[in-house]
Amino acid sequence: MNKYLSDKLKSISFILMVMVVFLHSYNVGIKYNNQLVQTDQYINLFIQNAISEGFTIIAVPLFFIISGYLLFLNLKNGRLNTFLPKFKKRLKTLVVPYLFWSLYGLVFIFILQAIPISRPYFNNELIIEYSLLKLLNTIFIKPVPYQLWFVRDLVILILLSPILYRIIKIFKPLSLVLFLFTWLYEFNFVIFSNEALFFFMIGLYLAINKISLDQPILKKNYALLIVFWIIIVLIKTWLISIQFEDEWMIIALNKLSILIGVLSLWGYYDYKFKDTDISKTKIFPLFQYSFFLYAFHEPLLSIFRKGFQNLFGSSEISSISAYFLAPITTIIISILIAYFLKKNVHNLYSIVTGGR
């Protein structure tokens with residue numbers, strides 16, 4: 001991998017992570033003290049759906065593509081022994097951080113539930129009331145920091161990667177078509193999402209077939225593609241806002257917006273920075289904190305999301321303000337904490353971020 005592609009992956013990963021934080025900032029209908037605070041006024045609903053249910057939903061698919069690509073990058077053959085070093089590396093970079101952040105989230109919420117002033121923010125069963133089975137399920141399968149589902153699915157797919165390698169080798173492009181339909185028709189794989197599998201397979205396919213990601217995929221008409229993406233998202237958001245009855249139309253537009261959006265972001269980066277060394281820009285040092293932001297932003301974001309909503313009230317302007325302030329505050333605090341930890345307790349920071 002050359003320097004340009006390496007810098008591009010770091011830059012786009014940070015952009016995607018910011019998208020994820022805004023995706024999770026959706027605050028239409030928040031429960032506080034067992035009461036539902038409705039904030040679904042038209043403008044507020046349109047803005048939040050356009051961002052959290054529209055533009056930012058390309059983040060997870062693109063993350064899976066990148067993960068699949070990096071896993072099979074420089075893979076010499078499909079023998080099991082060639083996968084073992086990769087499995088060992090992912091144990092450090094994924095499994096250990098997953099367990100740490102899962103336990104962190106559990107302990108963090110346990111403490112907040114024990115404090116009277118913060119207790120009203122929690123409407124579900126208290127952690128102290130969990131059975132042993134539910135406690136283990138929460139740590140390993142459904143962690144309190146719910147964003148960890150991505151790592152959980154990724155680990156499962158990595159374990160299955162020798163089989164996925166054979167599928168790609170045997171069926172070639174047809175394998176992508178097959179898993180495209182499982183995604184389009186939302187097939188239930190139970191142990192991982194159809195979205196995870198399809199986009200992870202795209203990354204694997206690109207790496208196995210040594211399709212270069214160094215060259216721009218959109219040499220011309222990138223602007224038209226971006227405009228097309230924006231139009232699709234806005235049409236879908238409008239249909240949702242008027243409660244359009246044809247659910248399949250909305251699902252189809254949603255899937256199309258993801259595919260076009262992934263190509264748009266990836267292509268726009270090439271247009272904007274192909275002749276620029278982005279590593280020399282002032283903002284580039286922030287990109288190293290992407291994984292920490294991913295792992296740390298919840299449950300912190302939920303606290304700010306509910307806190308701002310409670311502070312500002314349930315008016316439309318209050319909800320919109322909370323929607324933007326919560327993720328911005330969360331991102332700033334997360335980066336500051338990441339900077340402090342990396343500088344002062346580097347070994348701990350390295351463990352909890354998988355050496356990133």
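Since the model is a prediction, treat every value here as computed from it, not as a measurement.
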Side chain to side chain donor-acceptor pair (under 3.5 Å) partner of His24, the single match among His297, Glu298, Gln147
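Filter result, single survivor: His297.
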
[X] ring center near [Y] ring center (under 6.0 Å):
| X | Y | result |
| --- | --- | --- |
| Phe244 | Trp238 | no |
| Phe83 | Phe72 | yes |
| Phe150 | Phe64 | yes |

Roughly how far apart are Ser13 OG and Phe287 CZ, rounded to 0.5 Å?
10.0 Å

Just to verify, which of Trp183, Phe63, Tyr69, Phe192 counts as forming a ring-ring contact (aromatic ring centres under 6.0 Å, His included) with Phe199?
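It is Trp183, the one option of Trp183, Phe63, Tyr69, Phe192 that forms the ring-ring contact (aromatic ring centres under 6.0 Å, His included) with Phe199.
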
Passing option when Trp101 is tested against Phe291, Tyr146, Phe292 for ring-ring contact (aromatic ring centres under 6.0 Å, His included):
Phe292

Are [X] and [Y] connected, step by step, through hydrophobic side chains (Ile, Leu, Val, Met, Phe, Trp, Tyr) whose heavy atoms are closer than 4.5 Å?
| X | Y | result |
| --- | --- | --- |
| Tyr268 | Leu224 | no |
| Tyr130 | Phe110 | yes |
| Ile163 | Phe187 | yes |

Is the closest side-chain heavy-atom distance between [X] and [Y] below 4.5 Å?
| X | Y | value |
| --- | --- | --- |
| Arg119 | Leu126 | yes |
| Arg90 | Leu71 | yes |
| Trp149 | Ser193 | yes |
| Leu180 | Phe198 | yes |
| Met17 | Tyr289 | no |
| Thr93 | Arg356 | yes |

Quick one: does any side-chain atom of [X] pair with a main-chain N or O of [Y] as donor and acceptor, under 3.5 Å?
| X | Y | value |
| --- | --- | --- |
| Gln48 | Tyr323 | no |
| Ser319 | Glu316 | no |
| Lys134 | Glu129 | no |

Going by atom types alone, do Tyr4 and Asp270 pair a side-chain donor with an acceptor below 3.5 Å?
yes

Should we say atom CD1 of Ile115 is surrounded by more than 12 heavy atoms from elsewhere, each under 6.0 Å from it?
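Atom CD1 in Ile115 is crowded, with more than 12 foreign heavy atoms closer than 6.0 Å.
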
Is it the case that more than 12 heavy atoms not belonging to Phe189 sit under 6.0 Å from its CZ atom?
yes

Is there a side-chain hydrogen bond (donor to acceptor under 3.5 Å, both in side chains) between Lys3 and Ser279? Walk through the geometry before answering.
CA-CA 9 Å; Lys3 182 179 183 302; Ser279 65; 2.8 Å; yes

